[in-house]
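Read through the structure below, which is laid out as structure tokens, and then see the notes.
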Amino acid sequence: MEYIPAKTIVTKTKNTAWFGTDYTMNIYRGCNHGCIYCDSRSNCYRIEQFDRVRAKENALQIIRDDLRRKIRPGVVGTGAMSDPYNPFERESTLTRRALMLLHAYGFGVAVTTKSTLITRDIDVLRDIQREAPILVKLTITTADDELCRKIEPGVAVSSERFLALRTLTDAGIYCGVMLMPTLPFLTDTEENVRTILNLAHENGARFVYPAFGMTLRSGQREYFYRQLDQHFSGFREQYETRYRDRYNCPSPKAKRLYALHAETCEKLGLRYKMPSITQDYKRGYEGVQLTFF
């Protein structure tokens, strides 16, 4: 695996409203999951050869120094730009050891991943959760494994992610599903949404947070369209006609899907609004950060 230089890794987040995270941490750059819709592939992020995973040099030392300099502990989000559980993590264990550092310095963590490898680190996640908030967000975009293999070719299929969800929730980890993006004309069906919600509930999820649409911008758009041409004949024309060069591409069915999602979540007892999810996973830790020092 190639290594690239870095000066800092744990940085103050620009949007604390996003699941209540205070900091962000990206140990890896690039991702080889091959998801055809990935926004991180966009030119604006300046990640050359996005499908090649690179780790940051001296990552653990930098993370330790970053954490020591923070005025107060908080929740560190990871997985926004590249999956922290890419295949190289199995041998490098950089994410696992970074979690250990977060625990040592009293920080919580919010992990976003598509990988079942996260179950390896249940012991560390449970250690953190005893003293600080934990939030695990498993991204699942389709309940159909065959469709999953086409739109997310380098990652565990959806049924395996649901099993990982069950393993995490059985271990007492606060966990749920990110139902995003929803690809117009491909995954934006009521059947798909309803099935994901039911499977999430059956496997112990505490929440399902959705986005019924996707983003398209320079770099990402061209790659996505090439994949449509290869796997979904005729769909590219639908996207070009409806969205042209728009960045935000909501599903034509978005209004109905949001209503269905809310109604089903209420029935199943799943949280689906970000403020309530944030409040729920942080419940009981309100005074921890104030007394850390």
Side-chain angles (χ1 to χ4, degrees), residues 1-2 4 18 24 26-56 77-89 112-117 137-158 160-161 177-189 192 196 210-254 257:
M1 183 171 58
E2 181 184 349
I4 56 175
W18 184 254
T24 187
N26 289 296
I27 300 171
Y28 296 99
R29 188 171 177 84
C31 184
N32 54 7
H33 287 339
C35 303
I36 69 173
Y37 51 74
C38 184
D39 180 74
S40 296
R41 194 182 295 276
S42 301
N43 291 339
C44 61
Y45 298 117
R46 300 178 182 178
I47 303 177
E48 296 182 3
Q49 296 181 292
F50 179 77
D51 296 288
R52 190 176 80 229
V53 177
R54 288 143 286 184
K56 296 178 180 178
T78 187
M81 289 299 298
S82 61
D83 199 309
Y85 288 98
N86 64 74
F88 293 100
E89 169 60 23
T112 305
T113 183
K114 291 189 181 81
S115 175
T116 59
L117 182 58
K137 300 170 283 180
L138 283 171
T139 300
I140 301 177
T141 61
T142 175
D144 183 336
D145 282 356
E146 289 306 311
L147 179 57
C148 175
R149 289 186 177 96
K150 292 180 180 179
I151 65 176
E152 300 160 347
V155 70
V157 293
S158 300
E160 294 174 356
R161 276 176 261 170
V177 171
M178 296 287 275
L179 204 176
M180 62 173 67
T182 305
L183 306 185
F185 317 119
L186 287 172
T187 64
D188 60 342
T189 67
N192 184 50
I196 289 175
F212 294 118
M214 65 179 300
T215 59
L216 285 173
R217 53 184 161 188
S218 179
Q220 174 200 11
R221 179 184 292 106
E222 292 79 4
Y223 182 85
F224 179 65
Y225 284 170
R226 288 196 299 270
Q227 298 304 308
L228 289 182
D229 289 340
Q230 182 175 348
H231 299 291
F232 305 99
S233 178
F235 280 79
R236 174 176 182 161
E237 290 74 14
Q238 294 186 64
Y239 277 85
E240 290 178 328
T241 299
R242 185 173 186 89
Y243 300 115
R244 300 185 183 276
D245 60 351
R246 290 172 58 184
Y247 165 61
N248 187 33
C249 305
S251 163
K253 306 173 184 176
L257 293 178

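FYI, the numbering just counts along the sequence from 1.
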Task: Donor-acceptor side-chain pairing of S218 and N43 below 3.5 angstrom - done: yes
Open item on the list: Please confirm whether the ring centroid of Y28 lies under 6.0 Å from the ring centroid of F88.
Closed with: no
Task: Smallest separation among heavy atoms of P84 and G79, with atom names - done: CD-CA, 3.5 Å
- [ ] Flag the pair Y239 / M214 as yes when at least one side-chain heavy-atom distance between them is below 4.5 Å, and no otherwise.
- [x] yes
- [ ] Could you grab the distance from atom CG of D229 to atom CZ of F224, nearest 0.5 Å is fine?
- [x] 10.5 Å
- [ ] Mark yes or no for whether S40, through its side chain, and M81, through its backbone, hold a donor-acceptor pair below 3.5 Å.
- [x] yes
TODO: Heavy atoms only: give me the nearest G30-S82 pair and the separation to one decimal.
DONE: O-CB, 3.1 Å
Open item on the list: Is it the case that the side chain of T141 and the backbone of P181 share a donor-acceptor pair, with hydrogens and angles ignored and the cut-off at 3.5 Å?
Closed with: no
Task: No-hydrogen, no-angle side-chain donor-acceptor test under 3.5 Å, E152 and Y37 - done: yes
TODO: Mind checking the CG-CZ spacing from D144 to R149? Nearest 0.5 Å is all I need.
DONE: 9.0 Å
Open item on the list: Would the distance check show the side chain of R29 and the main-chain N or O of K56 forming a donor-acceptor pair, the cut-off being under 3.5 Å?
Closed with: no
TODO: With the side chain counted from C-beta on, respond yes when F212 and P250 share a heavy-atom pair under 4.5 Å apart, and no when they do not.
DONE: no
Task: Nearest atoms (heavy-atom pairs only) where T187 meets N192 - done: O-ND2, 3.0 Å
Open item on the list: Quick check for you: to the nearest 0.5 Å, what is the distance between I151 atom CD1 and L228 atom CG?
Closed with: 10.5 Å
- [ ] Look up atom CD in Q227 and atom CD in Q230, then write down how far apart they are to the nearest 0.5 Å.
- [x] 5.5 Å
Task: Nearest-0.5 Å distance, CD of residue E2 to CZ of residue R54 - done: 6.0 Å
Open item on the list: Check whether Y243 reaches the backbone of T215 with its side chain - one donor and one acceptor, N or O, closer than 3.5 Å.
Closed with: no
Open item on the list: Please tell me whether D83 and S115 have a donor and an acceptor in their side chains that are separated by less than 3.5 angstrom.
Closed with: no
Open item on the list: Do P252 and D188 make a side-chain contact, defined as non-hydrogen atoms from C-beta onward lying under 4.5 Å apart?
Closed with: yes
TODO: Would you mind reporting whether R41 and D51 have side-chain heavy atoms less than 4.5 Å apart?
DONE: yes
Task: Candidates L117, V155, V53, T113 - the one meeting side-chain contact (heavy atoms from CB on, under 4.5 Å) with N86 - done: V53
Open item on the list: For a quick test of reading the model, state the closest non-hydrogen atom pair linking P184 to S251 and the distance between them.
Closed with: CG-CA, 4.1 Å
- [ ] Give the C-alpha distance, both sets of side-chain angles, the deciding distance and a yes or no for side-chain contact (heavy atoms from CB on, under 4.5 Å) between Y247 and D39.
- [x] CA-CA 10 Å; Y247 165 61; D39 180 74; 4.0 Å; yes
Task: Distance-only side-chain donor-acceptor flag, T139 / K114, under 3.5 Å - done: no
Open item on the list: Could you check whether any side-chain heavy atom of F235 comes within less than 4.5 Å of a side-chain heavy atom of Q238, counting everything from C-beta outward?
Closed with: yes
TODO: Grab the two heavy atoms, one from R221 and one from D245, that are nearest each other, plus how far apart they are.
DONE: NH2-O, 3.1 Å
TODO: Return the minimal non-hydrogen interatomic distance between S42 and R217, and the atom names on each side.
DONE: OG-CG, 3.2 Å
Task: Straight-line distance of R161 CZ to I196 CD1, nearest 0.5 Å - done: 9.5 Å
